[in-house]
Chemist: 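Handing you a structure now.
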Number of protein chains: 2
Amino acid sequence: MKQRRESDNTSSVTIHEVAKHAGVSSMTVSRVINKNVPVREKLRTKVLESIKALNYIPNIAARSTRSGDSGIRIGILYSHPSASYLNEIMLGGLEQASKLGTQVLLEKCGGLQSQKTAVSRLVEAGVDGVILPPPLCDSAPTVQMLTREGIPVLALATARPLPMVSAVRIDDFEGALALTRHLTKLGHKRIGFIKGDPSHTPTEVRYEGFLQGLDEADLPLLDDLVVQGMFTYKSGLEAGRKLLDREDRPTAIFASNDDMAAGVMAVAHGMGIHIPEQLSICGFDDTPVASTIWPQLTTVHQPIVAMGKSAIATIVEKIKEARTSGQMGKPKRQLMKFTLMDRESTGPAPHRD
Amino acid sequence: MKQRRESDNTSSVTIHEVAKHAGVSSMTVSRVINKNVPVREKLRTKVLESIKALNYIPNIAARSTRSGDSGIRIGILYSHPSASYLNEIMLGGLEQASKLGTQVLLEKCGGLQSQKTAVSRLVEAGVDGVILPPPLCDSAPTVQMLTREGIPVLALATARPLPMVSAVRIDDFEGALALTRHLTKLGHKRIGFIKGDPSHTPTEVRYEGFLQGLDEADLPLLDDLVVQGMFTYKSGLEAGRKLLDREDRPTAIFASNDDMAAGVMAVAHGMGIHIPEQLSICGFDDTPVASTIWPQLTTVHQPIVAMGKSAIATIVEKIKEARTSGQMGKPKRQLMKFTLMDRESTGPAPHRD
DNA sequence: CTTGATCATGATATCGATATCAGATATTGT
DNA sequence: ACAATATCTGATATCGATATCATGATCAAG
């Protein structure tokens with residue numbers, strides 16, 4: 001058993017103890033940690049050694065009091081609490097917020113009317129910025145109400161950010177294109193497509209990416225094989241039935257999100273269609289369900305947790321910028337990298353009889 | 001447009017401004033907020049009014065520096081990152097941690113060997129307490145390593161907490177019993193059961209709850225209708241096939257968790273079995289998938305987010321207690337309330353032909 | 001070798017809240 | 001009405017870190 005902490009109950013090591021141990025002032029330690037200001041190599045090394053020796057970890061709470069990130073309040077306004085991405089957004093967001101010592105207020109809302117009251121509740125609470133996850137990220141009225149109050153807004157995972165709002169997102173077009181290329185390279189020529197909820201911006205953009213992918217492979221668009229969905233499992237079920245219940249069914253189906261892909265897969269299972277030997281299926285988003293179901297889904301991974309983090313960091317930056325300059329600058333747009341997750345639900349196109 | 005903040009860029013209202021506005025000292029304001037110490041009614045009212053007038057929200061970062069919650073480091077050691085409950089645990093945990101100004105270290109590990117190194121990394125980092133989500137919550141070696149170092153451990157969502165560890169959990173037995181009663185009340189007499197991974201403690205306890213439920217309804221246990229699963233979707237698929245591919249298939253299936261229930265449902269869809277008219281299915285945990293799939297799953301809701309919060313709060317309490325008394329006291333055990341989510345996947349037993 | 005500029009370091013004030021203790025006020029008993 | 005408590009309230013120190021400014025060290029150029 002190794003001895004930890006000699007005699008104190010108080011456990012945590014402070015910057016001052018590190019400073020004493022290294023024979024420098026606490027400011028030097030602070031500078032070493034924060035890397036912004038140069039510190040002579042000799043001292044830096046000594047400090048780093050002391051930090052290791054004492055297992056020093058900075059106290060973020062204390063840090064944020066002085067550094068001005070503290071006292072910032074960020075609202076997150078969401079409308080679809082069950083959506084699985086919300087958890088992950090929150091996860092990244094809260095982690096980042098706790099790192100920055102920033103406070104986060106959650107506000108839930110439903111219809112347009114309740115959006116109004118939710119927004120005014122946030123304004124009352126004095127939030128300095130608001131993050132809008134989908135589908136609210138595309139709600140012009142909400143954005144307007146907020147910007148009219150002079151509150152910076154950040155849209156998360158929208159496909160087409162409204163003017164004036166900052167955004168953290170992936171390129172839905174490129175994602176859909178990559179996925180479509182993946183299918184065409186596997187030799188698929190009859191590819192079904194399930195659209196998402198028409199009121200969400202990614203719906204159209206993903207469809208456009210799909211079209212581009214067909215075009216690149218010199219494949220015609222088969223109108224019959226494009227069906228409307230709503231981003232829900234149930235709509236995937238129905239769309240799947242429509243697509244698979246026909247003589248000349250597609251050899252691959254591109255569902256605009258994972259939930260619908262899971263629905264299609266359930267239908268396929270039900271019809272005894274083997275995946276991926278007889279049918280390839282792919283989704284979009286890489287939500288938990290994608291790796292839960294069997295076979296695991298080929299899909300486009302959105303780095304949601306990282307996006308949540310980035311969202312907080314970005315809006316904090318905007319807020320500080322606004323405080324300094326006294327006016328709202330240009331919105332910041334950030335495009336994150338997506339990843340094509342090539343898993344087990346897609347394979348070479350079956351030979352035609 | 002209403003004016004927020006007269007002229008300052010600095011936005012956030014401090015306790016001192018409230019104090020000035022109310023004509024009292026900041027300590028009085030602090031006391032009103034924290035309610036621990038009585039404040040004369042007259043002042044309290046004035047203070048509360050000022051708080052409202054100024055939209056004051058306490059700065060948690062600042063609070064935690066002085067109050068001693070700060071500087072506490074809590075490790076969360078997890079081994080199964082994809083599990084959907086993990087997100088939610090983290091969600092609750094991080095929220096609470098940020099409220100308390102407590103720092104959280106995440107450590108991931110796989111097999112037993114990597115558990116050792118993960119634990120020592122946490123110890124090196126000087127964590128004051130460790131939270132173990134499932135399935136690590138039942139790992140005796142991990143718990144031993146930690147307690148030997150004098151570090152309090154809290155097991156989250158275990159069915160049978162090891163001695164010496166604190167725990168936040170629901171009563172898996174009662175949950176399974178409630179679910180079974182629900183099925184028997186609906187008239188089901190042939191009920192299939194899918195067990196979970198034998199190495200997880202809830203597996204057995206839920207099974208026992210099921211047995212008790214049968215017993216209460218004077219139903220015999222039908223051995224053929226109990227099949228082994230592994231808590232995964234895929235194992236649910238296989239178990240579902242076994243249970244439904246027989247002449248005298250059950251009229252209801254109790255899967256030990258939601259993922260397996262989803263698998264069963266996929267099989268049922270595939271066989272053209274209508275749910276819930278011809279077959280009732282229920283799961284356990286109320287993970288996101290339960291409300292994603294169609295029809296939505298009847299299941300037992302574990303208040304995971306709240307449990308994550310409570311876990312942080314509880315272990316912080318333990319840590320402070322240990323710091324004060326200088327020794328590890330008795331473990332704290334907390335039983336949360338579960339909720340039976342009666343949704344669409346269960347219905348009255350079909351008439352026998 | 002000195003001067004002036006540049007760079008690194010440290011002393012001190014500060015962030016926003018709470019702990020602590022002393023002083024002020026109200027309450028009680030006689 | 002007065003002393004003795006019991007209750008409130010406020011002044012000040014403090015938490016752990018960083019911002020700021022002043023000072024000491026270092027270096028290039030003359």
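Excluded from the calculations below are hydrogen atoms, water molecules and symmetry mates; all remaining heavy atoms, backbone and side chain alike, are included. Numbers restart at 1 for each chain; the letters A, B, ... are given by sequence-line order, proteins then strands.
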Chemist: How long is the line joining NZ of K320(A) and C1' of dC15(C), in whole Å?
Modeler: 13 Å
Chemist: Does any part of the side chain of L122(B), heavy atoms only, come nearer than 4.5 Å to the side chain of L105(B), both counted from C-beta?
Modeler: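 Touching, per the 4.5 Å side-chain cut-off.
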Chemist: Begin from the C-alpha positions of T158(A) and V165(A) and carry the test side-chain contact (heavy atoms from CB on, under 4.5 Å) through to its verdict.
Modeler: CA-CA 11 Å; T158(A) 176; V165(A) 310; over 6 Å; no
Chemist: E17(A) versus T14(A): any side-chain heavy-atom pair under 4.5 Å?
Modeler: yes
Chemist: Could you give the CD1-to-P distance, from I33(A) to dA17(D), as a whole number of Å?
Modeler: 7 Å
Chemist: Between N34(A) (CG) and dG16(D) (C1'), how many Å, whole number?
Modeler: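 Distance, rounded to whole Å: 13 Å.
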Chemist: Taking only side-chain nitrogens and oxygens of N59(A), does any of them come within less than 4.0 Å of OP1 or OP2 of dC15(D)?
Modeler: no
Chemist: Please set out all donor-acceptor pairs under 3.5 angstrom arising from side-chain atoms of residues 303-310 of chain B, sequence neighbours excluded.
Modeler:
from: S310(B); atom 1: OG; to: Q334(B); atom 2: OE1; distance (Å): 2.8
from: S310(B); atom 1: OG; to: Q334(B); atom 2: NE2; distance (Å): 3.4

Chemist: Going by salt bridge (Lys or Arg N to Asp or Glu O under 4.0 Å), name the residues that satisfy it together with K318(A), two or more places apart in sequence or in a different chain.
Modeler: E321(A)
Chemist: Quick one: R73(B) CZ to dG16(D) P, roughly how many Å, whole number?
Modeler: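 Computing the R73(B):CZ to dG16(D):P distance gives 12 Å.
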Chemist: Nearest whole Å is fine: how far is dA17(D) C1' from E17(A) CD?
Modeler: 13 Å
Chemist: State whether the number of non-hydrogen atoms from other residues, nucleotides or ligands found under 6.0 Å of K20(B) atom NZ is greater than 12.
Modeler: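 Atom NZ in K20(B) is not crowded, with 12 or fewer foreign heavy atoms closer than 6.0 Å.
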Chemist: In chain order, what residues pass the salt bridge (Lys or Arg N to Asp or Glu O under 4.0 Å) check against R333(A), with sequence neighbours excluded?
Modeler: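 Not a single residue meets the salt bridge (Lys or Arg N to Asp or Glu O under 4.0 Å) criterion with R333(A).
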Chemist: R63(A) CZ to dG16(C) P: how many Å, rounded?
Modeler: 18 Å
Chemist: Nearest to the T14(B) side chain among dT18(D), dT18(C), dA17(C), which nucleotide is it?
Modeler: dA17(C)
Chemist: Starting at the 5' end of DNA chain D and moving along, which residue's nearest nucleotide shows up first, T65(B) or N36(A)?
Modeler: T65(B)
Chemist: Output the rounded distance in Å from CZ (R44(A)) to P (dC7(C)).
Modeler: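 These atoms are roughly 16 Å apart.
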Chemist: Round to a whole Å and report the spacing from NZ of K99(A) to P of dA17(D).
Modeler: 17 Å
Chemist: Name all residues meeting the salt bridge (Lys or Arg N to Asp or Glu O under 4.0 Å) criterion together with R121(B); count only those two or more places apart in sequence or in a different chain, and write none if there are none.
Modeler: E107(B)
Chemist: Five pairs per end, C1' atoms only: what is the angle between the end axes of the helix from dC1(C)-dG30(D) to dT30(C)-dA1(D), to 10 degrees?
Modeler: 30°
Chemist: Could you walk me through whether I51(A) and I33(A) pass the side-chain contact (heavy atoms from CB on, under 4.5 Å) test, one step at a time?
Modeler: CA-CA 10 Å; I51(A) 288 179; I33(A) 297 165; 4.1 Å; yes
Chemist: Could you run through nucleotides 8-14 of chain C and give me one letter per nucleotide, 5' to 3': B if any protein heavy atom sits under 4.0 Å from the base, S if only the sugar-phosphate is that close, - if neither?
Modeler: SBBB--B
